[in-house]
Amino acid sequence: MGRFIQLHALTSYPPSNLNRDDLGRPKSAIVGGSLRLRVSSQALKRAWRTSGTFKAALDGNLGVRTKEMGVRVYDTLIAAGAKDKDAREWARSIAACFGKLKAEKKTAKGEDAEAGKNKDDLHIEQLAHFGPEEIAAIDALTAILCAEKRAPSSDELELLRKPYAAVDIALFGRMLAASPAFNVDAAAQVAHAITVHSAAVEDDYFTAVDDLNRGDEDRGAGHIGETGFGAGIYYLYVCINLDLLDRNLAGDTALRNRALAALVQAITQVSPSGKQNSFASRAHASCLLAERGSQQPRSLHLAYLRPEPKRNADEDMASAAIRALRDKRLSLEKMYGPSCTDWRAAVEGEYQGLLGDKAGSLDALIQFLQED
């Protein structure tokens, strides 16, 4: 059994469309027999790792996930004066180290001028997550090729590294199908966030007015549209394997602690980007409960199987959700024993009484998680 951190967050979002399905409507799920709004773990992880919070706290320790590294290399070579054919061949050989390439485009005689405009064959077929060490190795090799105007050798194309400096890869993992030795198991498991109560997807019918239409001939709208939205308090569960995180970061305790701080700040303060211009649905978590220990992890979603949390007289939904989280945790401990070695919570002032003297500020909670 390893060492685990378990995080339980409650965040209230106003009308929003944070994460859309294939029809453009908010994602949903049936939980406890009722419809809930949902934000996928994929949407959450992308919002966190690309956030200003992560970039500010972890500058130099984040990777890049892309299919287009070959395009980046090609553009650098062309800018340095390499011929299109050479630049394309050398860039493809570098990109191929990280995945299967798309088919090479065949050009007919006289089409050389157009060849450089089509860069599809410089793409790898699947997204690859490049660590800082690998990006530095690619840049160094590209600089040599620019200076010496030659193709890379087979030894120089050994560009794959164990990305020990990449916090986003250490937390969320990566898979390279063609090079499994360089895969990274994710140290953080992230659940889909769901509303703690039943929630409906509503429709916003809207019109847009043509500013130059004075209504002399047509008083109708310039555009008519419809978009889905919903509102609710979302429960999110995250489990972090501390031993695996340490291995993924090569035992760099200082970097691990920066990673934990950035992750907690992102979980509580970063909102998914979906439809933000339309809804401005930015929100901070009202409650974050954190547990540390070697006990078997478990989610506390059972607290919200009822379509509506039980509320006391004059109690709002947020207060009921925090109390339900507290009570379900205690209920499970009566059955299984202690769920962790110790725990803390960061809670809005008006709700702190629900969690007693273990409740405090977010900074105090982060410091608790960073203790060895």
Side-chain angles (χ1 to χ4, degrees), residues 42 45-46 48-50 54-55 58-186 248-250:
Q42 295 90 334
K45 287 184 284 188
R46 174 164 173 76
W48 300 339
R49 69 178 181 80
T50 61
F54 255 45
K55 290 174 183 175
L58 299 166
D59 185 39
N61 292 106
L62 295 173
V64 174
R65 193 175 69 172
T66 182
K67 295 181 177 182
E68 299 187 10
M69 189 60 71
V71 175
R72 180 174 178 268
V73 172
Y74 170 87
D75 288 343
T76 302
L77 291 168
I78 289 294
K83 295 179 181 178
D84 176 80
K85 182 179 178 182
D86 290 338
R88 192 173 296 274
E89 178 184 335
W90 303 345
R92 280 175 60 83
S93 66
I94 289 173
C97 298
F98 297 88
K100 183 180 177 182
L101 293 170
K102 290 189 175 182
E104 190 170 2
K105 298 293 182 182
K106 301 296 183 183
T107 55
K109 224 173 184 181
E111 292 182 352
D112 290 346
E114 293 296 316
K117 296 180 182 179
N118 192 327
K119 301 176 184 178
D120 287 351
D121 61 319
L122 299 173
H123 294 193
I124 56 178
E125 290 189 342
Q126 294 181 325
L127 286 167
H129 209 148
F130 296 78
E133 304 94 329
E134 291 162 335
I135 295 171
I138 291 169
D139 289 346
L141 176 55
T142 304
I144 291 172
L145 302 185
C146 288
E148 301 181 4
K149 299 292 191 292
R150 63 169 178 84
S153 67
S154 57
D155 288 343
E156 289 174 320
L157 289 173
E158 294 180 358
L159 297 168
L160 281 163
R161 305 281 190 274
K162 279 289 188 181
Y164 292 123
V167 166
D168 47 354
I169 295 176
L171 284 169
F172 307 129
R174 78 168 179 183
M175 188 189 76
L176 298 171
S179 304
F182 295 93
N183 289 349
V184 178
D185 290 333
N248 287 351
L249 296 175

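Count residues from 1 along the sequence. All heavy atoms count here, side chains included; hydrogens, waters and symmetry mates do not.
Annotation: side chain of I135 is in contact with side chain of R72 (closest heavy-atom distance under 4.5 Å). Put simply, the side chain of L77 does not reach to within 4.5 Å of the side chain of D86, judged on heavy atoms. In this structure the side chain of K55 reaches within 4.5 angstrom of the side chain of L62, judged on heavy atoms. Using a 4.5 Å heavy-atom cutoff, the side chains of R49 and R65 are in contact. Within the 4.5 Å cutoff, no side-chain heavy atoms of E68 are placed close to those of L122. Proximity of P132 to N61: side-chain heavy atoms (C-beta onward) are nowhere separated by under 4.5 Å.
Applying the side-chain hydrogen bond (donor to acceptor under 3.5 Å, both in side chains) test to E148 and every residue at least two apart in sequence or in another chain returns R150. Not a single side-chain hydrogen bond (donor to acceptor under 3.5 Å, both in side chains) links H123 to another residue, sequence neighbours left out.
Here the side chain of N248 pairs a donor or acceptor atom with the backbone of D185 at under 3.5 angstrom. Although no hydrogens or angles enter the test, the distance criterion places a donor-acceptor pair under 3.5 Å between the side chain of E133 and the main chain of A165.
Nearest heavy-atom pair, S179 versus L160, reported as atom, atom and distance to 0.1 Å: OG-CD1, 3.4 Å. Nearest heavy-atom pair across A95 and L101 is CB-CD2, 3.7 Å. The nearest pair of heavy atoms linking F172 to K45 is CD2-CD, 3.4 Å. Of all the heavy atoms in L176 and N183, the pair that sits closest is N-OD1, 2.6 Å. The two residues G131 and P163 have their closest heavy-atom pair at CA-CB, 4.0 Å. The minimum heavy-atom distance linking L157 with C97 is given by the pair O-SG, 3.0 Å.
A tilted orientation is assigned to the rings of F98 and F130, their planes being inclined by 30° to 60°.
In this structure, NZ on K83 lies 11.5 Å from CD1 on I78, to the nearest 0.5 angstrom. Atom CG in L159 sits 6.0 Å away from atom CG in L141 (nearest 0.5 Å). For the atom pair CZ of F182 and CD1 of I169, the computed distance is 12.5 Å after rounding to the nearest 0.5 Å. Summarising the geometry, atom CG belonging to D139 is positioned 10.0 Å from atom SG belonging to C146; distances are rounded to the nearest 0.5 Å.
The salt bridge (Lys or Arg N to Asp or Glu O under 4.0 Å) contacts involving residues 159-172 comprise nothing, where partners must be two or more places apart or lie in separate chains.
For CD of Q126, the number of neighbouring non-hydrogen atoms (other residues, nucleotides, ligands) closer than 6.0 Å is 12 at most. The number of heavy atoms from other shown groups lying within 6.0 Å of NZ (K149) is above 12.
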**OP:** Using the side chain to side chain contact (heavy atoms under 4.5 Å, CB included) rule, take V184 and R174 through it: C-alpha gap first, then chi angles, then the decisive distance, then the call.
**Re:** CA-CA 5 Å; V184 178; R174 78 168 179 183; 4.2 Å; yes
Subject >> Worked check of side chain to side chain contact (heavy atoms under 4.5 Å, CB included) between D121 and R88 >> reply: CA-CA 9 Å; D121 61 319; R88 192 173 296 274; 2.7 Å; yes
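Using a cutoff of 4.0 Å between basic side-chain nitrogens and carboxylate oxygens, D75 and K119 are scored as salt-bridged.
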